[in-house]
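Accompanying notes for the structure given below.
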Amino acid sequence: QLQLVESGGGLVQPGGSLRLSCAASGFTLDYYAIGWFRQAPGKEREGVSCISRRGSSTNYADSVKGRFTISRDNAKNTVYLQMNSLKPEDTAVYYCATAFGCSDYDPNLFFSWGQGTQVTVSS
């Protein structure tokens, strides 16, 4: 029923850019707020960014503020994460997930998750 598919990850040099996509399948994405999370090896999953169901409100983790931009195109049933000025510490598997509100990035409040896409920032 609720299924999200991330894409757009890959290998990029420090200072480079990537745009991640989160596409919905089996439901209308604009019914939900969408959060982006990431998990690096040996670390817990952390919230990166979140956007409200209509895109009127967005928020970002301090570590990515000013470099990442979240947006959504409800007509295409897709949410995007534009990542600029990438740093090696951004290396992680990135996930998108649904919730009824962005809250404080509590993973327990996000109930449907994608499979993740790998982002590697290295020279």
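Owing to the predicted nature of the structure, the values given are computational and were not obtained by experimental measurement.
The hydrophobic clustering, which links ILVMFWY residues whose side-chain heavy atoms are closer than 4.5 Å, places Y80 and M83 apart. Hydrophobic clustering (side-chain heavy atoms under 4.5 Å, transitive across Ile, Leu, Val, Met, Phe, Trp, Tyr) groups V119 together with Y60. Clustering ILVMFWY residues whenever any of their side-chain heavy atoms sit less than 4.5 angstrom apart, transitively, puts F68 in a cluster other than the one holding F110. Linking Ile, Leu, Val, Met, Phe, Trp and Tyr residues whenever their side-chain heavy atoms come within less than 4.5 Å places V12 and Y94 in a single cluster. There is no path of hydrophobic side-chain contacts, each under 4.5 Å, that joins I70 to L109.
Interatomic distance, Q118 CD to L11 CG, rounded to the nearest 0.5 Å: 9.5 Å. With rounding to the nearest 0.5 Å, the separation of CD1 in I51 from OG in S57 is 8.5 Å. Distance CG/N84 to OG/S17: 3.5 Å, rounded to 0.5 Å. Residue R72 holds its CZ atom at 8.5 Å from CG of N77, rounded to the nearest 0.5 Å. The CG atom of L20 sits 5.0 Å away from atom CG of L81, with the distance rounded to the nearest 0.5 Å. Going from atom SG of C96 over to atom CH2 of W36 covers 4.5 Å, rounded to the nearest 0.5 Å.
When all heavy atoms are compared, the tightest approach of G47 to A61 is O-CB, 3.6 Å. Residues L18 and G8 come closest through the heavy atom pair CD2-O, 3.8 Å. Across all their heavy atoms, C22 and I34 have their closest contact at SG-CG2, 4.4 Å. When every heavy atom of S112 is checked against every heavy atom of L4, the shortest pair comes out as O-CD1, 3.7 Å. Listed here is the closest heavy atom pair of A40 and A92: N-CB, 3.8 Å.
Heavy atoms from other residues, nucleotides or ligands lying under 6.0 Å from CD of E89 number more than 12.
The closest side-chain heavy-atom distance from T117 to S7 is not below 4.5 Å. Here the side chains of R38 and V64 are in contact, with some heavy-atom distance below 4.5 Å. A 4.5 Å side-chain heavy-atom check between S21 and V79 finds every atom pair outside the cut-off.
Remark: R45 is positioned above the aromatic ring of Y95, its terminal NZ or CZ atom under 6.0 angstrom from the ring centre and at most 45 degrees off the axis. Remark: R53 is positioned above the aromatic ring of Y31, its terminal NZ or CZ atom under 6.0 angstrom from the ring centre and at most 45 degrees off the axis.
If you look at F37 and W113, their ring centroids are closer than 6.0 Å. A ring-centre distance under 6.0 Å is found for F27 and Y32.
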Decide yes or no on salt bridge (charged side-chain N to carboxylate O under 4.0 Å, His left out) for D62 and K65, but give the supporting numbers first. CA-CA 5 Å; D62 289 340; K65 193 172 299 181; 3.4 Å; yes

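T91 places a side-chain N or O within 3.5 Å of a backbone atom of V121 that can act as its donor or acceptor partner. Between the E6 side chain and the G116 main chain, a donor and an acceptor come within less than 3.5 Å of each other. A donor-acceptor pair is defined here as one N or O able to donate and one able to accept, closer than 3.5 Å; such a pair exists between the side chain of R67 and the backbone of S85.
Taking the six-membered ring where the residue is Trp, F111 and F100 present tilted rings, their angle falling between 30° and 60°.
No side-chain donor from either of D73 and T78 sits under 3.5 Å from a side-chain acceptor of the other.
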